[in-house]
Structure formats: C-alpha cells, structure tokens
Amino acid sequence: MAEPTIPLAQPVLGEEEERAVLEVLRSGQLSLGPRLADFERRFAARVAAPLACALSSGTAGLHLALRAVGVGEGDEVITSPFSFVASANAALYEGARPVFADIDPVTLNLDPQAAAAAVSERTRALLPVHIFGYPADMPAFERLAAAHGLAIVEDACEALGATHADGVPVGGRGHPAVFGFYANKQLTTGEGGMVTLADAALKEQIDSERNQGRAPDMGWLDHDRLGFNYRLSDIACALGIAQLGRLDQMLADRARVAALYREALAGFASSPQGEGLTLPCPDTGGDRRGWFVFVVQLPHGVDRDETVRALAAVGIQSKPYLPAIHLMSFYRERFGHREGEFPVCEDVAARSLALPFFPAMSEGQVARVAAELGAVLEPTRAAVD
Ligand SMILES: Cc1ncc(COP(=O)(O)O)c(C=O)c1O
C-alpha cells in the first residue's frame, strides 16, 4: 500500500482556536471588535516592539509601511531579488521602483555591501527581507540608512521567532517590520499580517489607511486621507491570539524538525569528495533563525524539476523556492532585467528546493523524505565521485 503523502506545510490548529473563533461568532462583533487591539498588544509584546498594527495580509503591511515612511512616486527602494514577489511589488504600488542588489551566498539575505553600491540620489528606503527566517544584517543596514538619510522597512513575513545577535527579536528594532500570517507561516490567521513599529504617528497613519482613511475619532461621513480596506477581522485576530498562546511550542517543534533534517541529510551535504546538498546555514555570530521552511540547494547539475517529480511520485511534496524576482516575466518586461545581473541570487534560486516542513512532522517522516531525496541524488553523487 502506498505511504500517505507528506505535505509541504501543515498548520497546528486545535481546540483553543475553535473556542476562540466560536466566541467571536457568538459575540456578533466580527470586525473592529476588541480582539484587534488585544492581538496587536500581545504581538508587539512578543517581539519587544512598542506598537503593532494588524492588517489583512503581509503584503498590505508592506504597502502601508512603505507609505508610512514616505516612499512615493519616483523613489527607489533597495531590496532583495531573492524573496517572495510581494516585497518588491509593494514599492510598485506607490509608484516607486524596487532596485535589487545581490544576496549573501550563506545567509541568502540582501548583502549590505551590494545594497550600499545600489544607493542613488533617488533612494528613499531600504527593504531587507529576513529570508527563510534568518535575520538580515540589520546593524549594517541601519548604518547605511543613517549615512544616506534613508528609511528602513523590514520584511519579516518569514521571520517570527528570529533574534538578532544583539538580543533584539526580529521586529523589535523600532522601524516598521512586517509579518505575515498565511497558512504556512509560523503563526497563522489564514490570511493576515502585522506591522510592528515604535512611532505612534506612523501607527496612527497605518491604522487609518487600513480602514479607508478614517481617523479614530471620525464617524462614517468624513475621511481625511486616501485609504484602503486592509482590515483584519476579529475572527482572524482571535485565531492569532490563540496561535500566540502556542507559538513557543510551535517554534520549538520547527527547530526540532530542522535538527532532524540536518542529521538525516548530513551524509548528502557538501563534502571535499564532491559537491553535495547545501543545507540552510546554521545560526552564526549570535543571530538565531525563526524556522519557517527547510530549503536545500541541490548540487549543480541535478535536475530540480525531475527531483520534484521523483519525490511527488513517492508521495512527498516539494517546491522550487524561491524563484528570482527580477527574472519573473513581469519584472523582465517592465524593467528589462536579464540573467547575470545578480549571479549569487540566480545560482541559489535555480537550485533551491523546499522540503516538507511543519511542527507536527515526525522523525519517521523526516527519515522518509531524506531517504527518497538521497535516492534521487545517489546516481549523481556516484557520477561525481
Ligand atoms: C518574504 C515574504 N514577503 C511577503 C509576503 C507576503 O505576505 P502575504 O502572503 O501575507 O501577503 C510573504 C508571504 O508569503 C513572504 O514570504
């Protein structure tokens, strides 16, 4: 009998979530109710940020955070080409241009030196992404921003639970940092997002713009600025509060699964005899990853599409993750991007494969994924040796 499929991701949802959602349904107040401020307060405390604004998605958070720091028409925003497309798109929503710079080959985050080389007279903001939950080098970006008078918005959509070497949780440095709560994230509300920040005036602006431009003390009839509908419902906030209650356990479970993978795949990792799998970089220098995905880079010459097919054939989901943003057809056509512009990103993006990764993953499931991936790689290794 075929073994059950191992999915790429699986949220942890239990009785607490059911109870929390039912309570909201019974209360009759499904939006703009008491859970909104409660979720914001608890989330801000969790990442040691003074304030937070809940929104309908991480993308909405990136959009309003960039508006709040003053990004507008004709500005440039320096960001990573190795990210989910939303981080670059958010700049375009405001008529700004996302300017890409290459990534660090180890952490896979935006390289501060490459970002510095991309600064121009039009640069308005830096938008580093904590990719795969590994902290971006914020002290370096903070120095760069101070030297050129730039704003910072952090894309922390994948990084809940990560901590910088100086002990500050990702999202707690003061400039706007954006989290995402899609179903595959460390904490989920189905869809949702959060901006954490220190500046009360920016919070007021984001709170207003997520709610059609209404000021807190205004009734239905006047709107003093352009706004959007980026609200997060009380149902989603209740889910978020319940998920916060189990966040420590879920993060610990993700770290446990990552350690199991590291052990199970050690034999296939790079060795002096020949190129092997590249595993996610270990925590270094005091930075701590908030585990989100387990992404390996296949050795050069291994057919990734074929690997995905071979794994699918034995009931294991996997996904190329992430494609380079500048090489997506929309970005190529709009900005004339071509292969070769960001060689580190392109090499990593061509070989990256996300394996099944979720808190409830068992040792047996990890072993099965490792064995099947190993079976795909074995012929290649034999050829190399
Ligand atoms: C790095 C990154 N940025 C932005 C987003 C956008 O978040 P959302 O899907 O909640 O809009 C995501 C989530 O998928 C992400 O991984």
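Bear in mind the structure is a predicted one, so any value in this text is a computation, not a measurement.
- Relative orientation of the His326 and His337 rings is perpendicular, given thresholds of 30° and 60° on the angle between their planes.
- Nearest heavy-atom pair, Leu226 versus Glu209, reported as atom, atom and distance to 0.1 Å: O-CG, 3.7 Å.
- More than 12 heavy atoms of other residues, nucleotides or ligands lie within 6.0 Å of CD in Gln29, so this atom counts as buried by the packing criterion.
- Using a cut-off of 4.0 Å between Lys/Arg side-chain N and Asp/Glu carboxylate O, Arg42 and Asp38 are scored as salt-bridged.
- For Phe132 and Phe357, the ring centers sit 6.0 Å or farther from each other.
- A salt bridge links Asp248 with Arg46: the distance from a Lys NZ or Arg NE/NH1/NH2 to an Asp or Glu carboxylate oxygen falls below 4.0 Å.
- When atom types are taken as modelled, the side chain of Thr196 and the backbone of Ala49 share no donor-acceptor pair closer than 3.5 angstrom.
- With no hydrogens or angles considered, a side-chain donor-acceptor pair links Tyr134 and Thr284 at under 3.5 Å.
- The pair Arg246-Asp253 fails the salt-bridge criterion, with no side-chain N (NZ, NE, NH1 or NH2) lying under 4.0 Å from an Asp/Glu carboxylate O.
- Between the Glu346 side chain and the Phe342 main chain, a donor and an acceptor come within less than 3.5 Å of each other.
- Between Lys203 and Ile206, the closest side-chain pair of non-hydrogen atoms is not below 4.5 Å.
- Counting heavy atoms from C-beta on, the side chains of Pro81 and Ile103 come closer than 4.5 Å.
- Checking side-chain atoms of Asp287 against main-chain N and O of Pro135 turns up no donor-acceptor pair under 3.5 Å.
- A salt bridge does not link Glu23 with Arg26: none of the charged nitrogens is closer than 4.0 Å to a carboxylate oxygen.
- A salt bridge between Glu275 and Arg351 is present, with a side-chain N of the basic residue lying under 4.0 Å from a carboxylate O of the acidic one.
- Expressed to the nearest 0.5 Å, how far CH2 of Trp291 lies from CZ of Phe358 amounts to 15.5 Å.
- Salt bridge Glu158/Arg289: absent, no basic N to carboxylate O contact under 4.0 Å.
- Ring centroid separation for the pair Tyr93 and Phe228 does not come in under the 6.0 Å cut-off.
- Between Phe39 and Phe43, the ring planes are perpendicular. Angles over 60° get that label, and only those under 30° would be called parallel.
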